[in-house]
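Below is one structure, written out as structure tokens; comments come after it.
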Amino acid sequence: MLDRFERGLVLANRWLLIFLLLAMACIVFANVVLRYSTGDSIIWAEEVARHMMIWVAFLGAGLALRFGGHVAIDNLHRAVKTRTAQVLRSMVVLGLSAFFIFMAVASSDYVWRTRFQSTAATDIPISFIYAAMPVGFVLMLVHLLLIARQYIVAGEYVHSEDIDSEAAGSL
């Protein structure tokens with residue numbers, strides 16, 4: 001049951017990111033073509049692309065965490081004995097969990113405080129754009145909890161044939 005949930009979450013997360021990136025690329029491309037061919041640009045294109053980039057960053061952070069794409073300093077837990085390394089990795093998971101929970105709550109408060117503001121070009125509520133923060137931090141927490149046991153025991157992330165975590169982390 002948990003495996004099916006996990007596969008569904010990763011699949012939905014990936015396709016949402018693909019859709020957002022594709023839409024953002026199309027909007028920016030169309031805006032550049034119009035600007036250079038007609039001298040006019042789409043009024044809302046830059047604003048919408050920026051907001052989509054914010055959502056992509058926060059939605060993609062959980063997948064990057066899951067596959068080991070974030071920057072990590074792992075020299076210490078690789079240099080000590082297995083049991084000590086597991087304790088260190090447990091502390092890392094607990095610290096990250098506490099941070100993600102704190103940030104989800106704090107950013108939810110921020111979303112609530114900006115609920116009456118709207119963007120200039122599209123009149124989208126600012127709180128909708130800032131909602132990417134609590135959603136992203138909750139997703140990071142869920143992804144962390146789904147890989148926590150494997151990470152604590154073996155120090156490994158989830159392996160995927162689609163994503164090369166070493167290449168992603170070195171960018």
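Note that the structure is predicted; figures quoted are calculated from it, not measured.
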Q. Looking only at heavy atoms, what is the nearest atom pair of Ala61 and His70, with distance?
A. O-NE2, 3.0 Å

Q: Mark yes or no for whether Glu47, through its side chain, and Thr119, through its backbone, hold a donor-acceptor pair below 3.5 Å.
A: no

**Q.** Interatomic spacing from CH2 in Trp15 to CG in Leu22 - rounded to 0.5 Å
**A.** 10.0 Å

Q | Interatomic spacing from OH in Tyr36 to CG in Asn31 - rounded to 0.5 Å | A | 10.0 Å

Q | Hydrophobic cluster membership, Leu145 vs Phe5, 4.5 Å side-chain cutoff | A | yes

Q | Under 3.5 Å: donor-acceptor pair, side chain of His143, backbone of Val10 | A | no

**Q.** Neighbour count above 12 (heavy atom, 6.0 Å) for Arg113 CZ
**A.** no

Q: Indicate the atoms forming the closest heavy-atom contact of Ala104 with Ser107, along with that distance.
A: O-OG, 3.3 Å

Q: Please lay out, stage by stage, how Leu141 and Ile101 fare under the test side chain to side chain contact (heavy atoms under 4.5 Å, CB included).
A: CA-CA 7 Å; Leu141 179 64; Ile101 291 168; 3.7 Å; yes

Q: Taking the side chain as every heavy atom from C-beta outward, state whether Phe137 and Phe102 have any pair of such atoms under 4.5 Å apart.
A: no

Q) Is Ile42 close to Ile27 at the side-chain level, that is, under 4.5 Å between some pair of heavy atoms? A) no

**Q.** N/O donor-acceptor pair under 3.5 Å between Thr38 side chain and Arg35 backbone
**A.** no

Q. What is the distance from atom NE2 of His51 to atom CD1 of Ile54, rounded to the nearest 0.5 Å?
A. 5.5 Å

Q: Using a cut-off of 6.0 Å, state whether more than 12 heavy atoms not belonging to Leu16 lie near its atom CG.
A: yes

Q: Return the minimal non-hydrogen interatomic distance between Met52 and Ala23, and the atom names on each side.
A: CE-CB, 3.3 Å

Q. Say you draw a straight line from CG of Leu88 to CD1 of Ile152; how long is it, rounded to the nearest 0.5 Å?
A. 11.5 Å

Q) Applying the 4.5 Å side-chain criterion to the ILVMFWY set and letting contacts propagate, would Phe58 and Leu21 be lumped into a single cluster? A) yes

(Q) Quick one, Leu65 and Phe100 - any side-chain contact, counting heavy atoms below 4.5 Å? (A) yes

Q.
Testing the basics here: between Val153 and Gln86, what is the closest heavy-atom pair and its distance to 0.1 Å?
A. O-NE2, 3.1 Å

Q | Spacing of OG belonging to Ser118 relative to CD1 belonging to Ile124, to within rounding of 0.5 Å | A | 9.5 Å

Q: Write down the atom of Val28, the atom of Ala49, and the distance for their closest heavy-atom approach.
A: CG2-CB, 3.7 Å

Q.
Pair Leu9, Leu146 - check side chain to side chain contact (heavy atoms under 4.5 Å, CB included), show working.
A. CA-CA 11 Å; Leu9 176 69; Leu146 288 171; 4.0 Å; yes

Q: Take atom CE of Met53 as the centre, draw a 6.0 Å sphere, and report whether it contains more than 12 heavy atoms from other residues, nucleotides or ligands.
A: no

Q. How about Leu34 and Ser41: do any of their side-chain heavy atoms sit closer than 4.5 Å?
A. no

Q) Checking Asn13 side chain against Leu59 main chain: does a donor-acceptor pair fall under 3.5 Å? A) yes

**Q.** Arg66 side chain to Ile147 backbone, donor-acceptor under 3.5 Å
**A.** no

Q | Heavy-atom side-chain proximity of Trp55 to Phe128 below 4.5 angstrom | A | yes

Q) Does any non-hydrogen side-chain atom of Tyr151 lie less than 4.5 Å from one of Leu144? A) no

Q) Does atom CD of Glu46 have more than 12 heavy-atom neighbours from other groups under 6.0 Å away? A) no

